[in-house]
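Letters A, B, ... mirror the listed sequences (proteins, then strands); counts begin at 1. None of these values were measured; they are calculated from a predicted model.
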Amino acid sequence: MRWTQTFIPTMKESPEGAEIPSHKLMIRAGLIQQVMAGAYTYLPLGLRSLKKAERIVREEMDKAGAVELLMPALSPISLWEKTGRVSAFGNVLINFKVNRAGKQVHLALGPTHEEVITDLVSRHISSYRQMPITLYQVQNKFRNEERPRFGVLRTSEFLMKDAYSFDTNVESLGRSYDAMYDAYCKIFTRAGLKYLAVEAESGPIGGDASHEFMVVAENGEDVVVHCEESGYAANLERAETGPRGLEPFAGEPQGVKKVPTPEASSIEAVSKMLKCKPSDMIKTLIYMADDKPIAVLIRGDHEANENKVRRAVGASAVELAPADVINKVTGAPVGFAGPIGMQEEIPIWADFDVRAMGNMVTGANEGDMHYTGVNLGRDFSVPDDHFADLRNVEDGDPAPEGKGTLSLRHAIEVGHVFKLGTKYSEALGAKFLDDQEKQHPIIMGCYGIGVNRIIASLVETSHDDFGIIWPMSLAPYELLITPLNVKSEEVMKVANGLYDDLRAAGVEVLMDDRDQRPGFKFKDADLIGIPLRVVVGERGLKEGQLEIKWRTESDANMIPLEGAVAKLAGMVEEARA
RNA sequence: CGGGGUGUGGCGCAGCCUGGCUAGCGCGUCUGGUUUGGGACCAGAAGGUCGCAGGUUCGAAUCCUGUCACCCCGACCA
């Protein structure tokens, strides 16, 4: 493609709204243009990269045995009512009514496609002989995000590859899942992304049933927990700590004192008022565990993890208790709960760290009052088997498997694989007969990749002060020819020849044939980040030479014009990997 | 949904507090010329309902009210 014949609106400055590198660079390099919050046009250059990401995804899905189809974005709201996801999605589900032949039809724009595909499968698959099968599509999804942000990283319309597996038993699901997991690893590797496959919350199937594929990036919205030494990686919801090696409290125990703390209902306010450290305080959280109240004690500077609480308690659902329940159970308004002298006897659970605390500050179960000098065992007790890992991992915690320490990092979620089980097949009647003529719900898995995020996270993690640094696999063009002086007949003769011959050799070539000064073109070349740059200049031509430079390197090299096409095509070929 | 911020030619901004000449600057665009190895220079030109609506005033980009949009932090996120 010749630059003058396509549409690459590069910019020297980034627009006011853009803050993070990927957003700024994608706009400046002329990849995208915002239409509204959370909706972007892909300009020719951006579209080429997006298509390349799509192609990698398709190739690996096909290799893994998945079969492509295409479902519509539109679907009847009734399908979403059957699975209860109208309310589960709430405001996120974009839905509306249209008039058809005098009747109102209620439609939804698909935020994902479990309903539509399960409905499809329920109509055509009824025998164990038809499985396993994995179906996938690459299609636009719609989610009314409460707050779209970070350019193309979080949008209300986005391109997703979603795959769904259908199996007759859990072992077979495991194989389908592993095939997708492996395909994902290949996809992200080919895309040049440095990713982590992290354990995620597993849901109904339990066990090792969900992984998120995360690209570590400062501006990522998610937090992953990673241990370099052991390779352990999990998301914050899921991550566990190893044995914490806590020493029991060795200080001199003080007496319990009740002190007034007017209006101070937060850890921060109380610690300021009483001049104590948050790590000497106890957070007493009242949860509803399957509708029964329990108290959970967490060190003041830590954060409770509801999933861990749920697992420790053995409940199927856990949520923070509403204010009226807290009043009733503790006898105090929210913010003054403590383990000593609650109104009602309820089970008390505590995080491991509480064991090592002494002379603690806790709520006094009375408005505007706290206790100081509280000690475990003497003033309140927690049964041994009620101590557990109940909090979020903190940076520097010991890793599980007894080796190394955990660090927290921000990351961008680019993919998710998940063992669904029978939730949708049961709700939508997708059943099959086994070889014993017994009917069962089909066992499903779902596998998503945010295609736009492949591009955005690549740019986010692969750039320098001058612009984007594309890997060959995602670059909008593989090679850029920069004729320095388009008015020179000799230069253009060579440049045009190279252009034609390289294209004939199967290289994706962009030629900057604009009548601009060299410096101007070099800046744009760095900005759009084409991997290999070939400069055709009068100076080099005098020696029969061309200048070539990789975007990743700072120095250029001269190669003879003679045989340059074969050499360049070979270099590109090799870098495609 | 809570908190904060911003809307002024295509892009980046100044002017607003303290109302008053023809709304200004840089980049970009167009014309002519000189240039040509890291975002050139000179001369000239085009391009604006100052987000929108209402109000105050002799007079509003500027003050007031409402509204819309966008951005950031937080909450939410199958």
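If you check every strand for non-hydrogen atoms under 4.0 Å, Asp526(A) touches a base. Using a 4.0 Å heavy-atom cutoff across all strands shown, Gln34(A) reaches sugar-phosphate atoms only and no base atom. Among the heavy atoms of the strands lying under 4.0 Å from Phe150(A) are primed sugar atoms or P, OP1, OP2 only; no base atom is included. Within the 4.0 angstrom heavy-atom criterion, no nucleotide atom of any strand lies near Lys521(A).
Within the structure, the salt bridge (charged side-chain N to carboxylate O under 4.0 Å, His left out) test picks out the following pairs touching residues 521-530 of chain A (sequence neighbours left out): Arg514(A)-Asp524(A).
Evaluation of the side chain to side chain contact (heavy atoms under 4.5 Å, CB included) rule for Ala430(A) yields Thr118(A), Ser122(A), Ser425(A), Ile442(A) as partners, not counting sequence neighbours.
When the nucleotides G38(B), G39(B), G12(B) are ranked by their closest atom to the side chain of Arg533(A), G38(B) comes out on top. Of the candidates G12(B), A75(B), C71(B), the closest approach to any side-chain atom of Glu13(A) belongs to G12(B). Among the nucleotides U29(B), C72(B), C1(B), the one closest to any side-chain atom of Glu19(A) is C72(B).
Summarising the geometry of Pro44(A) relative to Thr6(A), their closest heavy-atom pair is CB-OG1, 3.9 Å, with the distance given to 0.1 Å.
A heavy-atom distance below 4.0 Å to RNA chain B is reached by these residues of residues 79-88 of chain A, ordered by number: Arg85(A).
Atom pair Asn144(A):CG and C76(B):P shows a separation of 17 Å (rounding to whole Å applied). For Glu489(A) and U36(B), the CD to P distance is 19 Å, given to the nearest whole Å.
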Which atom pairs, donor and acceptor, lie under 3.5 Å between side-chain atoms of residues 67-82 of chain A and protein residues at least two apart or in another chain?
from	atom 1	to	atom 2	distance (Å)
Glu68(A)	OE1	Arg58(A)	NE	2.9
Glu68(A)	OE1	Tyr136(A)	OH	3.4
Glu68(A)	OE2	Arg58(A)	NE	2.8
Glu68(A)	OE2	Arg58(A)	NH2	2.9
Ser75(A)	OG	Trp80(A)	NE1	2.9

Which atom pairs, one a donor and one an acceptor, fall under 3.5 Å between side chains of residues 529-545 of chain A and the rest of the protein, sequence neighbours left out?
from	atom 1	to	atom 2	distance (Å)
Arg533(A)	NH2	Glu547(A)	OE2	3.3
Glu538(A)	OE2	Ser488(A)	OG	3.4

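In terms of position on RNA chain B, the residue among Ala18(A) and Phe89(A) whose nearest nucleotide sits closer to the 5' end is Ala18(A). The 5' end of RNA chain B is approached more closely, in terms of each residue's nearest nucleotide, by Gly540(A) than by the other of Gly540(A) and Cys446(A).
Within the 6.0 Å centre-distance limit, the rings of Tyr181(A) and Phe213(A) are counted as a close aromatic pair.
Side-chain atoms of Arg147(A) and base atoms of G74(B) include a donor and an acceptor less than 3.5 Å apart. Remark: the Asp524(A) side chain and the G39(B) base include a donor-acceptor N/O pair separated by less than 3.5 Å.
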Distances under 3.5 Å between nitrogen or oxygen atoms of protein and nucleotides 3-8 of chain B:
from	atom 1	to	atom 2	distance (Å)
U6(B)	O2'	Glu16(A)	OE2	2.7

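On the C1' atoms, A14(B) is 11 Å away from G26(B), given to the nearest whole Å.
When the shell of 6.0 Å around CD of Glu263(A) is examined, it contains 12 or fewer heavy atoms from other residues, nucleotides or ligands. Within a 6.0 Å sphere centred on CG of Asp291(A), other residues, nucleotides and ligands contribute 12 heavy atoms or fewer.
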